[in-house]
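First comes the structure, then the notes that go with it.
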There are 2 protein chains.
Amino acid sequence: MSVSSEPLRRHFPDGVFPSGCPSRVVLDHVTSKWGVLVLVALAEGEPLRWSELRRRADGVSEKMLAQTLRTLHSDGLVDRDARPVVPPHVEYSLTPLGRDLADRLVPLMDWVAANAAQIVGD
Amino acid sequence: MSVSSEPLRRHFPDGVFPSGCPSRVVLDHVTSKWGVLVLVALAEGEPLRWSELRRRADGVSEKMLAQTLRTLHSDGLVDRDARPVVPPHVEYSLTPLGRDLADRLVPLMDWVAANAAQIVGD
DNA sequence: CAGTATCCCATATGATACTG
DNA sequence: CAGTATCATATGGGATACTG
């Protein structure tokens, strides 16, 4: 079933992306080991705090979480809301742009979750 | 448009993926720097040869192309068809599983292509 | 709590040369 | 043409200690 009636889908005619173009940079941010995980964790919809993110992106070090969050924030994908209270209360959430991206990431993660055992020969 | 009427989407309730589970391994293969590019290059539909892949995954070294191809092949995502001629003629293509994955990768790449300039502040 | 600052290492990635 | 083999390097990533 689902025989492709379209033999060709010329999405990226001249090579997937020219090396060194902005798309490559963004792709690397987005597909970075922890970037995907953080984005998808936030894709649930509700803002998450630092400690929650550390738990949900299981295994992430403080250094990498900080670095990932900084990158995603400066890319305009993640919002950082720091409330001036003590102890500090900071919430991270997706920007509209980030949500848009996450919508494309989630199907990928679903696929991985569904097929990983088969692939890796669990 | 496309206002989310669903506040929560509990795709990955207990943390995106447990650290060390098969999904993490597959995710790393699939989102590896060159893995994505090779998969998407092959997503066009027609089989590609080594040299074509090198051109389309612009910037990839021979070592990394070989390694990426080996991983994707052993994951059952990419087929390798070597014809016993001289000079050698080898074609790579997606397996059904690989095509299924690529279908989820392409929308992501399209998004990246569409938004990269804005994000990186070209 | 939410980070930053350091030190350190594995390995992902790269450049080059060589081969069936 | 389609790789493999080597050598070298950058940096992604981790552990630990410290701080506003």
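Values reported hereafter were calculated over all heavy atoms of this structure, with side chains retained and with hydrogens, waters and symmetry mates removed. Reminder, nothing fancy here: chain letters follow the sequence lines and each chain counts from 1. On a predicted model such as this, the values are computed, not experimentally measured, just so you know.
Using a cut-off of 4.0 Å between Lys/Arg side-chain N and Asp/Glu carboxylate O, B:Arg104 and B:Asp100 are scored as salt-bridged.
Between B:Tyr92 and D:dC1, a side-chain N or O to OP1/OP2 separation shorter than 4.0 Å is absent. Close to D:dA2, at under 4.0 Å from its OP1 or OP2, lies a side-chain N or O of B:Arg49.
Remark: B:Ser93 OG to B:Arg49 CZ distance equals 14.0 Å, nearest 0.5 Å. Once rounded to the nearest 0.5 Å, the distance linking CD of B:Glu44 with CZ of B:Arg56 reads 5.0 Å.
The overall bend of the helix from C:dC1-D:dG20 to C:dG20-D:dC1, read as the angle between its terminal helix axes built from five base pairs each, is 60° when rounded to 10 degrees.
Looking at every heavy atom in both residues, A:Val60 comes nearest to A:Met64 through CG2-CB, 3.9 Å.
Contact check for A:Ile119 versus B:Leu77: side-chain heavy atoms found under the 4.5 Å cut-off. Taking the side chain as every heavy atom from C-beta outward, A:Val36 and B:Phe17 never approach each other to under 4.5 Å. In this structure the side chain of A:His89 never reaches within 4.5 angstrom of the side chain of A:Asp81, judged on heavy atoms.
Within the 3.5 Å criterion, the main-chain N or O of A:Ser19 finds a donor-acceptor partner in the side chain of B:Asp58.
Remark: P of D:dG3 and NE2 of B:His89 are 11 Å apart, rounded to the nearest angstrom. We find that CZ of A:Arg24 is positioned 12 Å from P of C:dT13, with the value rounded to whole Å. Rounded to whole Å, the distance from CG on A:Leu48 to C1' on C:dG3 is 17 Å. Between the P atom of C:dT4 and the CH2 atom of A:Trp50 lies a distance of 7 Å, rounded to the nearest Å. If you measure from atom CZ of A:Arg54 to atom P of C:dT4, you get 13 Å, rounded to the nearest angstrom. Computed from coordinates, the A:His73 NE2 to C:dA2 P distance equals 16 Å when rounded to whole Å. At whole-Å resolution of the value, CD in A:Glu52 and C1' in C:dA2 are 13 Å apart.
Residue B:Arg80 is in sugar-phosphate contact alone, with no base atom involved, counting any heavy-atom pair closer than 4.0 Å across all strands shown. Within 4.0 Å of B:Arg70, counting heavy atoms only, lie sugar-phosphate atoms of the nucleic acid but no base atom.
Judged as a ring-ring contact (aromatic ring centres under 6.0 Å, His included), and not counting sequence neighbours, A:Tyr92 has no contacts.
Judged by closest nucleotide on DNA chain D, B:Pro87 is the one of B:Pro87 and A:Pro88 placed further toward the 5' end.
For D:dA17, its base sits under 3.5 Å from the side chain of A:Glu62 at one donor and acceptor pair at least.
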Give me the distances for all protein-to-nucleotides 10-15 of chain D N/O pairs that come in under 3.5 Å?
residue : atom : partner : partner atom : Å
D:dG13  : N7   : A:Lys63 : NZ           : 3.1
D:dG13  : O6   : A:Lys63 : NZ           : 2.3
D:dG14  : OP2  : A:Trp34 : NE1          : 3.3
D:dG14  : O6   : A:Lys63 : NZ           : 2.5

